[in-house]
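Input: a single structure, listed below in structure tokens.
Residues: numbered from 1 along the sequence shown. It should be emphasised that the depicted structure is a prediction, and the values quoted were computed from it without experimental measurement.
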Amino acid sequence: MGRLERGSWASGPRRAVTRPQAAWNSKSSTRFYETQIRQERSSLKAGRQAMASMEGLIGLMNRIQRACTALGDHGGGGEGANLPTLWESLPTIAVVGGQSSGKSSVLESIVGRDFLPRGSGIVTRRPLVLQLHQIDKGAHDYAEFLHLPKTRFSDFALVRQEIADETDRVTGKTKQISPVPIHLSIYSPNANQDIATSDAIKLSKEVDPSGERTFGVLTKLDLMDKGTNALDVLEGRAYRLQYPWVGIVNRSQADINRKVDMIVAREKEREYFENSPDYAHLASRMGSVYLAKLLSQHLEAVIKARIPSITSLINKTIDELESELDTIGKEVAADPGAQLYTILELCRAFDRVFKEHLDGGRSGGDKIYGVFDHKLPAAFRKLPFDRYLSVQNVKKVVSEADGYQPHLIAPEQGYRRLVEAGLAYFKGPAEATVDAVHVVLRDLVRKSIGETEPLRRFPTLQAAIATAANEALERFREDGRSTALRLVDMEAYLTVEFFRKLPQDPDSGSKVGNNTNESNGSGSGSVTVDRYGDGHYRNIASNVSQYIKMVGDQLLHKIPKAVVHCQVREAKRSLLNHFYVHIGKKEASQFGHLLDEDPAMLERRQQCWKRLELYKSARDEIDSVAWTR
């Protein structure tokens, strides 16, 4: 049992190079693969009773490789290029060489069948993954393609045509090249059961600079000019490899046209080397039969040596895929009750993250304290009370309050008007504080939605939660604004305690009158205070300033309390209450719309799930085989 792969991207003078290697590609697929997953997993498990032999090792690699192909792991990139790939880890053999260097002939000689497309230019435009299966003697040869699992081809001319047709289905008829392989199995009593190869495209020097995995095959030896030979190459003098070169005699184009039997061609090849004066001494190490045996033995040894690392990779990748699927989440249930439960759970998850931001478990909540501790005091310090309580303005306000009758002792109405107008300056910072906290809360809603992992896959629900939360914050802001402004307005009621403690005629604020009245010629005089002079108004300004300062100190504590009570506390308690009520009124059929997933997330879950199935199948298959050590 074995597998061979053909490629066309190489260069060299009539020589092909084969090497064990590993290819790299990933490609996602549709629901068709759900059936394929079951079929391939059954195929993998079918080999669990295999003996712990080298044949069992190659059979194991064949079954894992078929699963890779069925589940979209082709190696080399593609739609699933960001997924882990098992393909590259599988020890395989690849045939590479220059155009028309005899790669197809080598493969057909080993297989014993004429089945590959022929023509000018690059004919092989997709990798061909070929697996050979030996069946009981006397049975008829047949072939099966992985993309046509229930169709057997007994006419190998139809195999050739299907390879060409399947190539065109992917690449079109424009001669483009695709890394997606065609997977072909050939069943025959004449296939060498030790042969096994797989996908490889790059030339040996690019991927195996040390030469530890490279075998040289020199083709078309019978076409060399008379008097010349290839002994310098075959004996390693012209280009030495770690493993001996193998010479091959391909069928001629005339033999191909006459459909010369491959068994007959092998016999002619054997006779050529045995009877050649140049190569007779190398005959035992020449020909396609020897090449098949050599490659098979080396591949078997490589497989056995790499099983531990493959197992380690499989286990590590399974853990990573399961972790990612846990993050992505399960598929949404179809039951409306289950959908409603999911919606509420996601809302609660968001609410927890939001509260963590406010309470200090996550960053962001500290910005609210920054508003109270820095921005609000700074705004108060910038208020223009110096200008407002200037002598000129105080005199103006008091005079206007007095009307046509000037005050006699203390200008009470003037005091009240100065205080009321002065307190109004605090309303701006109060409203600014409410708005600044509102901005912080909105930003925390946005961040919390993004940081709620289970919610990321549902963009519609994200938008609904954001809308509901921001509408709630608007209500809280209006409540906070009205409460903060009410606190300022309350201070316009003047209590007598503060003003009773003020001196009625402070010396610092009085001035001696300009006129002195002497009576009775005694020389003694009386001093009068000018209650309408600048000193009098400076005294009023000082009293009002002290009162406003006292109120300002109180508001520095009261405004944050109002904001926390009306905005922050309510956001923690009832941010989504209206949303819950709204959800409860929805028809059951509308729940599914809220749980519409991001298409990219849906695709990623399907890719991860299929790749996880592949790795678990491979792990089960490897675990079931008892290895000979």
Side-chain angles (χ1 to χ4, degrees), residues 3-10 21-37 39-40 43 62 64-83 85-88 90 92-97 99-100 103-104 107-108 111 115-131 143-153 155-186 197-203 603 606-607 610-611 614:
R3 57 192 189 282
L4 294 168
E5 185 277 327
R6 181 192 182 206
S8 298
W9 297 272
Q21 63 92 49
W24 186 281
N25 186 28
S26 303
K27 185 175 177 67
S28 60
S29 52
T30 59
R31 284 180 172 265
F32 161 78
Y33 286 112
E34 294 181 6
T35 301
Q36 290 293 317
I37 290 169
Q39 292 176 348
E40 291 307 315
S43 174
N62 283 343
I64 294 177
Q65 189 182 49
R66 285 177 60 86
C68 286
T69 302
L71 296 175
D73 184 359
H74 305 137
E79 293 180 16
N82 59 345
L83 287 167
T85 177
L86 185 59
W87 185 278
E88 186 180 57
L90 302 179
T92 57
I93 295 175
V95 180
V96 297
Q99 183 178 325
S100 302
K103 298 181 298 298
S104 296
L107 290 180
E108 289 180 334
V111 173
F115 66 97
L116 292 173
R118 301 280 179 169
S120 60
I122 299 178
V123 179
T124 309
R125 292 180 285 119
R126 288 176 59 185
L128 178 65
V129 179
L130 179 62
Q131 293 187 351
E144 287 183 350
F145 290 94
L146 186 61
H147 64 274
L148 298 172
K150 296 183 179 180
T151 303
R152 289 189 176 185
F153 292 80
D155 185 346
F156 280 78
L158 297 179
V159 172
R160 181 188 304 110
Q161 185 60 46
E162 179 58 28
I163 292 174
D165 293 344
E166 176 62 14
T167 298
D168 289 342
R169 291 184 192 111
V170 173
T171 65
K173 298 183 180 296
T174 58
K175 302 300 181 182
Q176 293 180 345
I177 294 172
S178 169
V180 181
I182 299 174
H183 202 114
L184 173 64
S185 294
I186 295 180
T197 67
S198 178
D199 175 1
I201 305 301
K202 298 181 180 179
L203 293 173
E603 177 66 18
Q606 293 173 355
Q607 290 177 343
K610 286 185 292 188
R611 197 55 54 92
L614 166 62

Rounded distance (nearest 0.5 Å) linking atom CD of E166 with atom CG of L128: 11.0 Å
Reported CG-to-CD1 distance for the pair D168 and I163, which is rounded to 0.5 angstrom: 12.0 Å
Nearest-0.5 Å distance that lies between atom OG1 in T167 and atom CD1 in I182: 3.5 Å
Worked verdict on L184 versus V159 for side-chain contact (heavy atoms from CB on, under 4.5 Å): CA-CA 9 Å; L184 173 64; V159 172; 4.0 Å; yes
For I186 against L130, the heavy-atom pair lying closest together: CD1-CD1, 3.7 Å
Stepwise side-chain contact (heavy atoms from CB on, under 4.5 Å) check, L148 with E162: CA-CA 10 Å; L148 298 172; E162 179 58 28; 3.7 Å; yes
Gap between atom CZ of R611 and atom SG of C68 - 0.5 Å precision: 7.5 Å
Non-neighbouring partners of F145 that pass ring-ring contact (aromatic ring centres under 6.0 Å, His included), sequence neighbours left out: H147, F153
Pairwise distance CG(L146) to CD(E144) - rounded to 0.5 angstrom: 9.5 Å
